[in-house]
Number of protein chains: 2
Amino acid sequence: MAPGALYWHVANKQELLVEVADVLLAEIPAPPVDRPASEALVGLAVAVREVLAAVPDAADVVGLAYAVDPGATRPLRDLARLVHEAGAPAAERDEAAALVVHHILGSVAAQQDRSLAATIDPDLPAPDATAEAKAFEVGLSVIVRGLTRSR
Amino acid sequence: MAPGALYWHVANKQELLVEVADVLLAEIPAPPVDRPASEALVGLAVAVREVLAAVPDAADVVGLAYAVDPGATRPLRDLARLVHEAGAPAAERDEAAALVVHHILGSVAAQQDRSLAATIDPDLPAPDATAEAKAFEVGLSVIVRGLTRSR
DNA sequence: ACCTGAACACCGTTCAAGT
DNA sequence: ACCTGAACACCGTTCAAGT
């Protein structure tokens with residue numbers, strides 16, 4: 001297809017990227033209902049992070065879509081609901097959910113930045129995926145503590 | 001000056017933006033020593049966010065620099081120290097500091113994304129800077145609670 | 001309805017030539 | 001040492017013309 005053909009389907013590049021982000025997030029399974037909210041929240045956040053970590057530039061794309069419409073995708077709506085059930089007051093639900101999303105996207109972007117930097121400059125160490133995931137979960141646990149503390 | 005003249009001073013645009021970010025971060029005052037760490041942490045995070053929000057692409061640029069070398073700039077070193085003093089165990093200090101940085105950069109990127117989207121699509125609301133700052137502080141307070149809870 | 005092909009403006013970058 | 005001016009490749013977007 002010629003590049004210009006895309007503009008029959010979307011108004012601009014941003015709109016295209018939003019649809020790409022939707023497709024990426026759609027393959028994430030719904031969180032379990034028979035678990036504590038804080039536990040389900042951690043599981044969902046880890047799942048979202050895993051999916052995005054595999055896709056170059058995923059953080060930018062999803063970040064743009066989320067910034068424009070935070071409730072556009074089901075996994076991120078689930079995330080906001082679980083944040084509330086895990087202890088965030090209703091009035092602070094969206095702000096606390098944004099914190100979780102920022103941590104996910106920041107973690108993905110940092111890992112991809114380190115990976116890119118390592119291929120450009122061979123002196124730099126390539127990131128270890130399991131260590132990155134573990135560091136992410138440490139930050140997550142700080143958030144979860146902050147949420148449960150607030151009810 | 002002609003645009004090409006810049007390339008006598010820097011290798012590429014990314015390097016230029018890194019220097020811009022460094023200059024901006026450098027003018028952030030050191031946190032006060034006569035205040036509780038959690039309070040100083042909030043003040044510093046807010047100051048960093050304010051400065052970066054004014055610079056296009058600041059989140060990407062600082063994110064890349066931080067991913068490669070988290071301790072490169074003084075304000076971000078101060079941030080990691082205050083995170084520790086606010087309650088993060090030494091073993092989790094860097095991971096908790098990364099959480100704060102992710103929240104700062106995510107908040108800045110989201111605000112700039114929304115601003116850009118509003119100029120492209122006039123139906124979308126332009127972001128309100130003070131509301132954005134307030135939402136950021138709600139997330140920050142969740143982090144601070146999670147930190148103080150962990151000691 | 002959907003696509004091609006050619007065009008346009010814009011931008012990051014290079015480089016020979018100037019002072 | 002530092003800058004200009006012209007060039008280049010690349011990319012987002014438009015649009016008339018095709019099927």
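All figures in this text were calculated on a predicted structure; none of them were measured in a lab.
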Worksheet item: Which letter, B, S or -, goes with each nucleotide of nucleotides 2-10 of chain C from 5' to 3', with contact meaning a protein heavy atom under 4.0 Å?
Response: BSB------
Do [X] and [Y] come within less than 4.5 Å of each other through their side chains, counting heavy atoms only?
X	Y	value
A:Leu79	A:Ile104	yes
B:Leu99	A:Leu140	no
A:Val23	A:Glu19	no

Practice prompt. Sort out for me which residue in A:Gln111, A:Glu132, A:His103, A:Glu137 forms a side-chain hydrogen bond (donor to acceptor under 3.5 Å, both in side chains) with A:Arg49.
Written response: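 Running side-chain hydrogen bond (donor to acceptor under 3.5 Å, both in side chains) over A:Gln111, A:Glu132, A:His103, A:Glu137 with A:Arg49 returns exactly one hit, A:Gln111.
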Value in whole Å for how far the [atom2] atom of [N] lies from [atom1] of [X]:
X	N	atom1	atom2	result
B:Lys13	C:dT14	NZ	P	14 Å
A:Asn12	D:dT13	CG	P	6 Å
B:Tyr7	C:dA17	OH	P	22 Å

Worksheet entry | Side-chain (A:Arg81) to main-chain (A:Leu76) donor-acceptor, under 3.5 angstrom |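 Not confirmed, A:Arg81 side chain does not pair with A:Leu76 backbone.
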Worksheet item: How close do B:Leu64 and A:Asp113 get, heavy atom to heavy atom, and via which atoms?
Response: CA-OD2, 3.5 Å
Worksheet item: Can you name the closest pair of heavy atoms from A:Ile28 and A:Leu44 and give their distance?
Response: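 A:Ile28 and A:Leu44 have their closest heavy atoms at CG2-CD1, 3.9 Å.
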Worksheet item: Can you list the stems that DNA chain D is part of, where a stem is at least 3 pairs in a row, each Watson-Crick or G-U, with both distances below 3.5 Å?
Response: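 Stem list for DNA chain D: C:4-8 with D:12-16, C:12-16 with D:4-8.
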Worksheet item: Same hydrophobic cluster for B:Val108 and B:Val51, using side-chain heavy-atom links shorter than 4.5 Å among ILVMFWY?
Response: yes
